[in-house]
Number of protein chains: 2
Amino acid sequence: MTKARSRVLAALDNAAEPLSAAGVMEAIGQSCDQATVYRALAYLEGAGLAESFVFHCDEHGTERYYVKAAAAHRHWFHCRTCHRFVDLGSCVLDSILAGYEKEYGIRVKGHALYLTGDCADCAAKAGGA
Amino acid sequence: MTKARSRVLAALDNAAEPLSAAGVMEAIGQSCDQATVYRALAYLEGAGLAESFVFHCDEHGTERYYVKAAAAHRHWFHCRTCHRFVDLGSCVLDSILAGYEKEYGIRVKGHALYLTGDCADCAAKAGGA
DNA sequence: CGTTTTTTGCAAGTCATTCGCATTTTTGAC
DNA sequence: GTCAAAAATGCGAATGACTTGCAAAAAACG
């Protein structure tokens, strides 16, 4: 494991939420080139040490976000106000996916669920009540 | 409604599945500039005549896909082999989303569910049995 | 240590999408 | 219909995320 890669992995590990390549760069203080960060992220994912998903947010555009690999498949909620991600715990879609497989004859090999809205803090500040 | 916009809307209407900007261009036979297609798509979505989502597929990369606006919120399955989308009917996540709202204090305003794998045809051809 | 392999930095390239701006279409008032 | 004002289009250049070629630097390894 090279210096660059362990720095990137440490950044993912320290982050409480998924990080984009830009987020990783910021976290490691520009200590390596962006190409290196992208390559490190690809390496970590290939090595099973990180996972990623592509997410689009109006304010930040479309980016791939990475998290340290975890035991269970998880989903995230993205606050459209403070732009933070909230961990929704492990995936609860198994029975729904199984239903789709049966109903449509498809074989589901991967899935992603993205929720957006206001997090508890932002909802309290904005909407009141 | 201008000529370009109605051509784009017609393309979405005729398509059985979500179309990317490139897909729309192909469908209308390059009859207008790509910038116009992008602008038409944005206009149609703003006017409530179309809906879109950003989807990433290893083979086609990340693109925004558009469908004609429908009454109910729907989800799609994407076949990683033939790269077609399968309409999964209207959304069945309401109770799950409500559960998340209660559990995490969040307010869910939008969501997207993407399934990938093999469609019935491709699964039959590939995996056999 | 010296060498072979891998990784890094830098710069240039790609791809989807957007923007500026001059020209063409539409729209609305007459 | 006709003409001016407003909006849309085409074209080319720009943007932003990400990738790649290639030479220099760092790891691996014997």
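From a predicted model like this one, the values you see are computed outputs, not experimental measurements. Proteins come first, then strands; the chains are lettered A, B, ... in the order of their sequence lines, and each starts at number 1.
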Practice prompt. Would you tell me whether S90(B) and R74(B) have side-chain atoms, one donor and one acceptor, within less than 3.5 Å of each other?
Written response: no
Practice prompt. Inspect the contact between R80(A) and D118(A) and indicate whether a charged nitrogen and a carboxylate oxygen are less than 4.0 angstrom apart.
Written response: yes
Worksheet entry | Bounds of contact between DNA chain C and chain A, in 5' to 3' order, using a heavy-atom cut-off under 4.0 Å | dT7(C) to dC10(C)
How about [X] and [Y]: do any of their side-chain heavy atoms sit closer than 4.5 Å?
| X | Y | value |
| --- | --- | --- |
| C57(B) | H83(B) | yes |
| W76(B) | V67(B) | yes |
| H111(A) | Y114(B) | no |
| H60(A) | Y65(A) | yes |

Atom pairs, N/O to N/O, protein against nucleotides 7-14 of chain D, distance under 3.5 Å?
residue	atom	partner	partner atom	Å
dA8(D)	OP1	R5(B)	NH1	2.8
dA8(D)	OP1	R5(B)	NH2	2.9
dT9(D)	OP1	T2(B)	OG1	2.8
dG10(D)	OP2	D33(B)	N	3.0
dG10(D)	OP2	T36(B)	OG1	2.4
dG10(D)	N7	R39(B)	NH2	2.9
dG10(D)	O6	R39(B)	NH2	3.2

Worksheet entry | Mutual orientation of the aromatic rings belonging to Y104(A) and Y100(A) [parallel < 30°, tilted 30-60°, perpendicular > 60°] | tilted
Worksheet item: Using a cut-off of 4.0 Å on non-hydrogen atoms, how would the nucleic acid contact of M25(A) be classed: base, sugar-phosphate, or nothing?
Response: nothing
Worksheet item: Which part of the nucleic acid, if any, lies within reach of T62(A) when heavy atoms closer than 4.0 Å are counted: base, sugar-phosphate only, or nothing?
Response: sugar-phosphate
Worksheet item: Who else is in the cluster with Y38(B) when I, L, V, M, F, W and Y are joined by side-chain contacts under 4.5 Å?
Response: none
Worksheet item: Who else is in L19(A)'s hydrophobic cluster (ILVMFWY, side-chain heavy atoms under 4.5 Å, direct or via others)?
Response: M1(A), V8(A), L9(A), L12(A), V24(A), M25(A), I28(A), V37(A), L41(A), Y43(A), L44(A), L49(A), Y66(A)
Worksheet item: Angle, rounded to 10°, between the helical axes spanning five pairs at each terminus of the helix from dC1(C)-dG30(D) to dC30(C)-dG1(D)?
Response: 40°
Fill in: side-chain N/O Y38(A) vs dT19(D) OP1/OP2, d < 4.0 Å
no
Practice prompt. Please list, chain by chain and in numerical order, all residues satisfying side-chain hydrogen bond (donor to acceptor under 3.5 Å, both in side chains) with R7(B), sequence neighbours excluded.
Written response: S31(B)
Worksheet item: Roughly, in whole Å, what's the span from NE2 in H56(A) to C1' in dG16(D)?
Response: 13 Å
